[in-house]
**Q** 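Before anything else, here's the structure in question.
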Amino acid sequence: AIGATLNEDVSTIKDLVSQEGDWSGIHLNMRTKCVSLAQKAVDKTNESWSRRHQWTWRKFAAHIGLLFWAWGILELPMAEFFPVLRFVSEKGRMLTEHPELWDQQAVIWNSVWPALQRWTELVLRNQPRRVPVDEEPQLLIATDASAYGWGYVAVNTVTGQVYVHGEPWSHAMRRYHGARIGQSTFSEPQGIRAALCHLLTLDMPRRIRVATDSTVSVASYNRGFNTHSHHINDCLMKCKQLFGDHFDMDFVHIEGATNPSDGVSRGVNASEVDRELAAEVLRRVVGGAQASFPNYHPV
C-alpha cells in the first residue's frame, strides 16, 4: 500500500518479528519493558577497567564517559558516587587550565577508587532497568522549606484526599547544621526529603510529582546527583534507598508566590490552609495544566 520494499524473505512475516534487540547502544526488551546496555558497551567498559593502572587522563576521561553513558539506561545510585563526581569536576578544571597534561599518567585519589569501582561493577553487571509507564502522576506534592522549618501540601488526584503538614526544624538538625539551615540550597532539598518521609506509605499511588521553588533541588532530584554538595547527595541517596523501589517520581519547579506549602513551612497552622484552593493549585499548576494564580496566597 505504501510502496515499501523489504529485503528479507517475507514468506513468513512472524519470523521477522522480534521483541528484543539493540538500538543505538541500548538493548531493548519490549516483552519485559526493560532496557540495558548493548553488549558492546559492556565489553568496552570491561576493557577500559582492565587497563586502569595504565590510564592517562585522556583514558580516564574515556572510562568516565562509558560510565556516564550507562546513567539513565541502568538503575544507578549516582549520589553514592559523589567522590568520583567531585574528582571529575576538580580534574576537569585542571585539564581545562593545563591541556598539556591530557596524556600524562592519571593519579587518582585513594578516596575515589571505592566509588569508581562500585560504579564500574554495576555497569559491568548490566542489570536491566524497568522503564516506568508514561502516565499522569496521581499524587501531587508541593514542598517548601525556610529558616523556621519545612512543610508540604499534597493531593491524591484519584481519591481527592488532601494532606497538609508543617513543622519546625528539629533541635538535632539545628545543633548539627547551624546557620546552614538558613541557606535555601541546603534547606530545600532537606525539606523535600522530610516531606516524603512524613507523607509516603506503601499504599500511596506509585506515580508521584513533587513541586518546589528551588531550581537546584529540581535539577538535583531529577538527575539523581549533585556534583557540588555532599548534603544534597546525602538527601538524594536516602530518598533513593527509601523510595526508589516503590515509587516513580519527577520533580518540577513552582513559583514561590504560588507554592501552597509556603505558609506551613514558616509556622502557619495546617488548619488555616484553604485545602480546596491548595488542591486546585496543585492540580492545575503541578499537574500540568497551564495556569497561573498571581493573586494566590497560601493562607
Side-chain angles (χ1 to χ4, degrees), residues 1-10 12-52 55-82 84-85 87-89 91-92 95-96 102 106 115-137 206-209 218-227 233 236-237 240 244-245 247-252 288:
I2 64 173
T5 300
L6 301 179
N7 293 327
E8 294 87 356
D9 178 5
V10 296
T12 309
I13 291 291
K14 67 178 182 179
D15 292 340
L16 301 178
V17 177
S18 175
Q19 292 183 295
E20 192 172 353
D22 292 347
W23 180 81
S24 190
I26 305 172
H27 186 75
L28 306 170
N29 190 321
M30 306 303 236
R31 184 176 56 258
T32 62
K33 309 302 182 186
C34 290
V35 294
S36 58
L37 297 171
Q39 188 58 43
K40 182 187 295 185
V42 177
D43 293 342
K44 286 182 178 179
T45 306
N46 188 50
E47 176 67 17
S48 173
W49 185 244
S50 70
R51 299 175 182 272
R52 59 190 177 277
W55 278 342
T56 62
W57 287 116
R58 191 181 304 278
K59 291 178 180 178
F60 168 73
H63 188 79
I64 294 299
L66 291 168
L67 298 187
F68 266 106
W69 169 246
W71 167 48
I73 300 172
L74 304 179
E75 190 71 47
L76 296 173
M78 295 296 294
E80 294 182 17
F81 309 143
F82 183 66
V84 179
L85 300 173
F87 182 75
V88 169
S89 179
K91 295 307 175 182
L95 292 165
T96 299
W102 273 105
L116 183 60
Q117 180 172 347
R118 164 81 169 146
W119 191 349
T120 301
E121 288 175 347
L122 288 175
V123 171
L124 295 178
R125 188 182 303 171
N126 199 23
Q127 179 70 34
R129 177 181 65 87
R130 179 186 62 86
V131 178
V133 177
D134 186 14
E135 59 185 4
E136 290 300 311
R206 183 180 185 94
R207 186 72 180 87
I208 297 172
R209 177 166 295 156
V218 172
S220 299
Y221 272 93
N222 277 328
R223 285 193 306 179
F225 68 92
N226 183 289
T227 58
N233 268 278
L236 302 178
M237 186 165 55
K240 184 68 175 177
D245 293 337
F247 300 102
D248 295 323
M249 299 185 198
D250 68 273
F251 297 80
V252 299

**Q** To the nearest 0.5 Å, what is the distance between OG1 (T45) and CG (L67)?
**A** 6.5 Å
**Q** Return the CZ to OG1 distance between R51 and T56, rounded to the nearest 0.5 Å.
**A** 12.0 Å
**Q** Check whether any side-chain heavy atom of S48 lies under 4.5 Å from a side-chain heavy atom of L66, and answer yes or no.
**A** yes
**Q** Relative to W49, does R52 satisfy both conditions: NZ or CZ under 6.0 angstrom from the six-membered ring centre, and within 45 degrees of the ring's axis?
**A** yes
**Q** Between CD of E20 and CE of M30, what distance do you get to the nearest 0.5 Å?
**A** 11.0 Å
**Q** Please give me the minimum heavy-atom distance between A61 and W102, naming the atom from each residue.
**A** CB-CZ3, 3.7 Å
**Q** To the closest 0.5 Å, what do you measure between NZ (K33) and CD (Q19)?
**A** 7.5 Å
**Q** Got D250 and R207 here, is their nearest side-chain heavy-atom distance under 4.5 Å?
**A** yes
**Q** Short question: side chain of N233, backbone of N226 - any donor-acceptor pair under 3.5 Å?
**A** yes
**Q** Does some side-chain heavy atom of V84 sit less than 4.5 Å from a side-chain heavy atom of F225?
**A** no
**Q** Looking at T120 and L116, would you say the former's side chain and the latter's main chain have a donor-acceptor pair under 3.5 Å?
**A** yes
**Q** Take H27 and Q39, measure what side-chain hydrogen bond (donor to acceptor under 3.5 Å, both in side chains) needs, and give me the verdict at the end.
**A** CA-CA 8 Å; H27 186 75; Q39 188 58 43; over 6 Å; no
**Q** Residues two or more places apart in sequence or in another chain: which of them pass salt bridge (charged side-chain N to carboxylate O under 4.0 Å, His left out) with R125?
**A** none
**Q** For D248 and P132, which heavy atoms make the closest approach, and how far apart are they?
**A** OD2-CB, 3.6 Å
**Q** Which pair of heavy atoms, one from V123 and one from V42, lies closest together, and at what distance?
**A** O-CG2, 4.3 Å
**Q** Quick one: salt bridge (charged side-chain N to carboxylate O under 4.0 Å, His left out) partners of R58, sequence neighbours excluded?
**A** D103
**Q** Calculate, to the nearest 0.5 Å, the distance between atoms OH and CG belonging to Y221 and L236 respectively.
**A** 5.5 Å
**Q** Compare every heavy atom of N222 with every heavy atom of F251, then report the nearest pair and how far apart it is.
**A** O-ND2, 2.8 Å
**Q** With rounding to the nearest 0.5 Å, note down the distance linking CG in D22 to CG in L28.
**A** 7.5 Å
**Q** Passes side chain to side chain contact (heavy atoms under 4.5 Å, CB included), L37 versus K44? Steps please.
**A** CA-CA 11 Å; L37 297 171; K44 286 182 178 179; over 6 Å; no
**Q** Return all side-chain donor-acceptor pairs below 3.5 angstrom for residues 69-82, not counting sequence neighbours, or 'none' if the list is empty.
**A**
{"from": "W71", "atom 1": "NE1", "to": "R223", "atom 2": "O", "distance (Å)": "3.3"}
{"from": "E75", "atom 1": "OE2", "to": "K240", "atom 2": "NZ", "distance (Å)": "2.1"}

**Q** Where do C34 and P128 come nearest, in terms of heavy atoms and distance?
**A** CB-CB, 3.9 Å
**Q** Are the side chains of T227 and V88 in touch, meaning some heavy atoms are under 4.5 Å apart?
**A** no
**Q** Using modelled atom types only, decide if a donor and an acceptor are shared between the side chain of T96 and the backbone of G92 within a distance under 3.5 Å.
**A** yes
